[in-house]
J.: 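I have a structure here, written as structure tokens, and I will follow up with some questions on it.
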Amino acid sequence: MSELNKIALKMISNGKGILAADESNATMTKRLEAVNINSTTENRLFFRETLFSSESMKEYIGGVILYDETIRQKTNSGKSIPDLISSSGAVPGIKVDTGAKVLANSNEEKITEGLDGLRERLKEYYNLGARFTKWRGVYIISEKYPSILAIRSNAQALARYAALVQENNMVPIVEPELLMDGDHSVKVCLSKTSEVIKKCFEELVLHKVDLSGIILKPNMILPGKQSKEKISSEEVSQKTIECLKNSVPTEVPGIAFLSGGQTEIEATENLNLINQNNNTSFLMTFSFGRALQQNALKVWSKNSNDIKAIQNTFNHRAKMCSLAALGKWSKEIENK
Ligand code: 13P
């Protein structure tokens, strides 16, 4: 088993999943302002340190994705944030893309940037303690999108990124996210997501990426947010499994879903059924941002600095997500 494969498995086995706490300062500011909290360096550190020191980190969280600001910060007691994460048994990771910019000649679509100087930045992040990384390609769904231009250019960037990350002994999370926005049907989401993922793997193979040492982070297969189509979690799970079965090579050890704007309960319920119906060789777990942190943020805004209350909320959510990663979650356990 390769070193990279071992790290990937440590992050996502036995009901463990990934906490995506890598919101850029701009995104974190939006999240904090939505609950009337000032987005200062200290506040961002306070919230993240509170989550990373909670009890559930040991049992349910296998990896934490950090943002550049956070990986350089220290706790109250002087420990580095990556050391705090490692001390709970989780693997520290880092978002290394520099964001999605308008793709030239495709007015509405985006291309993710950050390849220039990446080799050097990766060496620095490794020295700061990171052992895995994340890069997110983002795609919109409509009749004409994603265009072949967006599909190819983002797949190539993801593959160049993944190859550089493995060269530097870290596990790349490969994240092609088709957004939930739009009125498309679940069928369209299925076909477009499959096309995007297949193209990503074509490029990953071309760039000689070791597929046993990556984690795929896709969206679940859902109807668009503005679509009138209502489908059950059972159908979401079947369509999601169908998509991955047909587009992901079996060497890939695991898949960690983004939550993408689903509520905490929706994301948990869907992941639970995906695991109950999982007839693939892939581990299927969570790499949630909002669906792990939303309620904890709300509790913070109501109880100012009550660390215990924030942690209790986060502990519950992490436990529910972990049960879902094992296919053992239920509404009864959720509400107990
Ligand atoms: P959400 O779970 O909030 O979609 O965030 C996951 C993520 O890391 C997006 O890049």
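Whatever order the structure lists them in is the order used to number ligands and atoms, beginning at 1.
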J.: For N303 and D306, indicate whether the former's side chain and the latter's backbone hold a donor-acceptor pair under 3.5 Å.
T.: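 Not a single qualifying donor-acceptor pair exists.
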J.: Any heavy atom of K134 sitting closer than 4.0 Å to ligand 1?
T.: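 So K134 counts as touching ligand 1.
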J.: Between D97 (side chain only) and R136 (backbone N and O only), is there a donor and an acceptor less than 3.5 Å apart?
T.: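 Yes; judged by distance alone, with no hydrogens or angles, the pair exists.
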J.: Spell out, as yes or no, whether a donor-acceptor pair under 3.5 Å connects the side chain of K16 to the backbone of A325.
T.: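 No, K16 side chain to A325 backbone: no donor-acceptor pair under 3.5 Å.
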J.: Can you sort out which atoms of ligand 1 are near F288, meaning under 4.0 Å from one of its heavy atoms?
T.: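 That gives atoms 2 (O) of ligand 1.
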J.: Report the part of R290 (side chain from C-beta onward, or backbone N, CA, C, O) that has a heavy atom under 4.0 Å from ligand 1; answer both or neither where that applies.
T.: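 Both parts.
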J.: Please report the interatomic distance CE(M11) to CD1(I18), rounded to the nearest 0.5 Å.
T.: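 M11 atom CE to I18 atom CD1 measures 4.0 Å (nearest 0.5 Å).
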J.: Is a side-chain donor-acceptor pair under 3.5 Å present for E108 with Y145?
T.: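 The answer is yes; a qualifying pair exists.
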J.: How far is atom 7 (C) of ligand 1 from its nearest protein heavy atom, and which residue and atom name does that atom have?
T.: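 Going by distance alone, atom 7 (C) of ligand 1 is nearest to K217 NZ, 3.2 Å.
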J.: Looking only at atom types and distance, does a side-chain atom of N275 sit under 3.5 Å from a main-chain N or O of L326, one as donor and one as acceptor?
T.: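 No; zero donor-acceptor contacts below 3.5 Å.
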J.: Would you say H184's side chain and E143's backbone share a donor-acceptor pair under 3.5 angstrom?
T.: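 Flag not set: sc H184 to bb E143 has no pair under 3.5 Å.
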J.: If you have a sec, work out which protein heavy atom is nearest atom 9 (C) of ligand 1 and how many Å separate them, to one decimal?
T.: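 Residue, atom and distance for the closest contact: E175 OE2, 3.3 Å.
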J.: Please say whether G260 places an N or O atom under 3.5 Å from an N or O atom belonging to ligand 1.
T.: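 N/O-N/O distance below 3.5 Å exists for this pair.
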J.: Which residue holds the protein heavy atom closest to atom 5 (O) of ligand 1, what is that atom called, and what is the gap in Å?
T.: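 Its nearest protein heavy-atom neighbour is G289 N, 3.6 Å.
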J.: Give the atom numbers and elements of ligand 1 that come within less than 4.0 Å of a heavy atom of A20.
T.: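 Answer, ordered by atom number: 8 (O).
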J.: Mind checking whether S287 contacts ligand 1 via backbone (N, CA, C, O), side chain (CB onward), both or neither, at a 4.0 Å heavy-atom cut-off?
T.: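 Only the backbone of S287 comes within reach of ligand 1.
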J.: Which bit of S259 is near ligand 1, meaning a heavy atom under 4.0 Å away: side chain, backbone, both or neither?
T.: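 S259 to ligand 1: contacts from backbone and side chain alike.
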